[in-house]
Amino acid sequence: MPQTRYKKLSGSELDEIVKNMSGWELKDGKLIKSFKFSNFVEAFGFMTKIALEAEKINHHPEWSNVYNTVAIKLSTHDADGITDYDIKLAKIIDNTNH
């Protein structure tokens, strides 16, 4: 069995972690959050910054952009759930200037 670089989090672990994460919530087995900006260019700039950071850690978000809103859903498909890697990416996203 190949060694994984992430740890799938249990429901109780997730509840404890997410309650301390501003604006993030659990829905349909994913960690989700929406961000609003003053216009499309700012929203797209935010996505560009996140894309560069996500590529560095090789963990990519499921996201959408409609005009000034970016909706992000995080989960680890290989683990069939939310892992510590999703939490790591969520923290990177929160620390990105927006």
Side-chain angles (χ1 to χ4, degrees):
M1 180 177 198
Q3 186 175 2
T4 59
R5 65 174 191 259
Y6 49 78
K7 175 186 179 271
K8 185 174 179 179
L9 301 170
S10 70
S12 59
E13 287 174 311
L14 280 171
D15 290 341
E16 188 64 30
I17 292 168
V18 173
K19 75 178 184 181
N20 294 310
M21 296 174 68
S22 179
W24 290 93
E25 59 184 313
L26 298 170
K27 185 175 181 184
D28 299 327
K30 296 183 180 184
L31 188 59
I32 65 167
K33 185 173 182 179
S34 290
F35 298 85
K36 288 202 181 253
F37 299 88
S38 61
N39 57 49
F40 174 77
V41 172
E42 285 185 15
F44 194 82
F46 174 70
M47 291 178 76
T48 301
K49 290 177 191 175
I50 293 169
L52 295 171
E53 294 303 314
E55 186 64 19
K56 287 179 190 174
I57 65 169
N58 194 30
H59 194 58
H60 306 94
E62 175 184 337
W63 57 10
S64 64
N65 167 238
V66 178
Y67 182 59
N68 68 337
T69 302
V70 176
I72 300 175
K73 298 177 183 178
L74 302 177
S75 68
T76 303
H77 300 286
D78 292 346
D80 195 30
I82 300 171
T83 67
D84 55 343
Y85 236 52
D86 298 302
I87 302 303
K88 179 178 181 174
L89 183 54
K91 289 178 181 180
I92 289 170
I93 291 166
D94 281 345
N95 289 326
T96 300
N97 293 331
H98 58 282

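Starting from 1, each residue takes its place in the sequence as its number.
The shortest side-chain heavy-atom distance between Ile32 and Leu26 does not fall under the 4.5 Å cut-off. In this structure the side chain of Ile92 never reaches within 4.5 angstrom of the side chain of Lys56, judged on heavy atoms. Side-chain contact check for Ile82 versus Leu74: every heavy-atom pair is 4.5 Å or farther apart. Looking at Glu25 and Lys33, their side chains never come closer than 4.5 Å, going by heavy atoms from C-beta outward. Looking at Ile87 and Met21, their side chains come closer than 4.5 Å, going by heavy atoms from C-beta outward. Within the 4.5 Å cutoff, the side chain of Ile72 has heavy atoms near those of the Ile50 side chain.
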Next item on the list: Tell me, with the steps shown, if Lys88 and Lys91 meet side-chain contact (heavy atoms from CB on, under 4.5 Å).
Entry: CA-CA 5 Å; Lys88 179 178 181 174; Lys91 289 178 181 180; 6.0 Å; no
Check: Where do Ile57 and Leu89 land on the side-chain contact (heavy atoms from CB on, under 4.5 Å) test, with the steps shown first?
Finding: CA-CA 8 Å; Ile57 65 169; Leu89 183 54; 4.2 Å; yes
Notebook entry, point to check: Are Met47 and Asn65 close enough, and set up right, to give a side-chain contact (heavy atoms from CB on, under 4.5 Å), and what steps lead you there?
Noted result: CA-CA 9 Å; Met47 291 178 76; Asn65 167 238; 3.4 Å; yes
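In terms of modelled atom types and a separation under 3.5 Å, the side chain of Glu13 and the main chain of Ser10 share a donor-acceptor contact. Looking at Thr83, its side chain does come within 3.5 Å of a backbone N or O of Tyr85 through a donor-acceptor pair. With hydrogens and angles disregarded, no donor-acceptor distance shorter than 3.5 Å links the side chain of Asn68 to the backbone of Ala43. Side-chain atoms of Asn20 come within 3.5 Å of backbone N or O of Glu16 as a donor-acceptor pair. One N or O on the side chain of Asp84 and one on the backbone of Lys7 form a donor-acceptor pair closer than 3.5 Å.
Atoms NE2 and NE2, from His59 and His77 in turn, are 8.0 Å apart once rounded to the nearest 0.5 Å. Atoms NZ and CG, on Lys8 and Leu14 in that order, are 9.5 Å from each other to the nearest 0.5 Å. Residue Ile93 holds its CD1 atom at 7.0 Å from OG1 of Thr96, rounded to the nearest 0.5 Å.
Looking at residues two or more places apart in sequence or on another chain, you find a ring-ring contact (aromatic ring centres under 6.0 Å, His included) between Phe40 and Phe44.
Taking 4.0 Å as the cut-off between side-chain N and carboxylate O, Glu62 and Lys30 count as a salt-bridged pair.
Aromatic ring pairs are classed by plane angle as parallel below 30°, tilted from 30° to 60° and perpendicular above 60°; the pair Trp24 and Phe35 is perpendicular. Using the six-membered ring where Trp is involved, Phe37 and Phe46 have ring planes that are tilted, between 30° and 60° apart.
Hydrophobic clustering keeps Trp63 apart from Tyr67 (ILVMFWY residues linked when any side-chain heavy atoms are closer than 4.5 Å, directly or through intermediates).
Of the N and O atoms on the side chains of Asp15 and Ser12, not one donor lies less than 3.5 Å from an acceptor on the other residue.
Within 6.0 Å of atom CG in Asp80, 12 or fewer heavy atoms from other residues, nucleotides or ligands are found, so the atom counts as exposed in its surroundings.
Ser75 and Gly29 make their closest contact through CB-O, 4.0 Å (heavy atoms, listed as atom of the first residue, atom of the second, distance).
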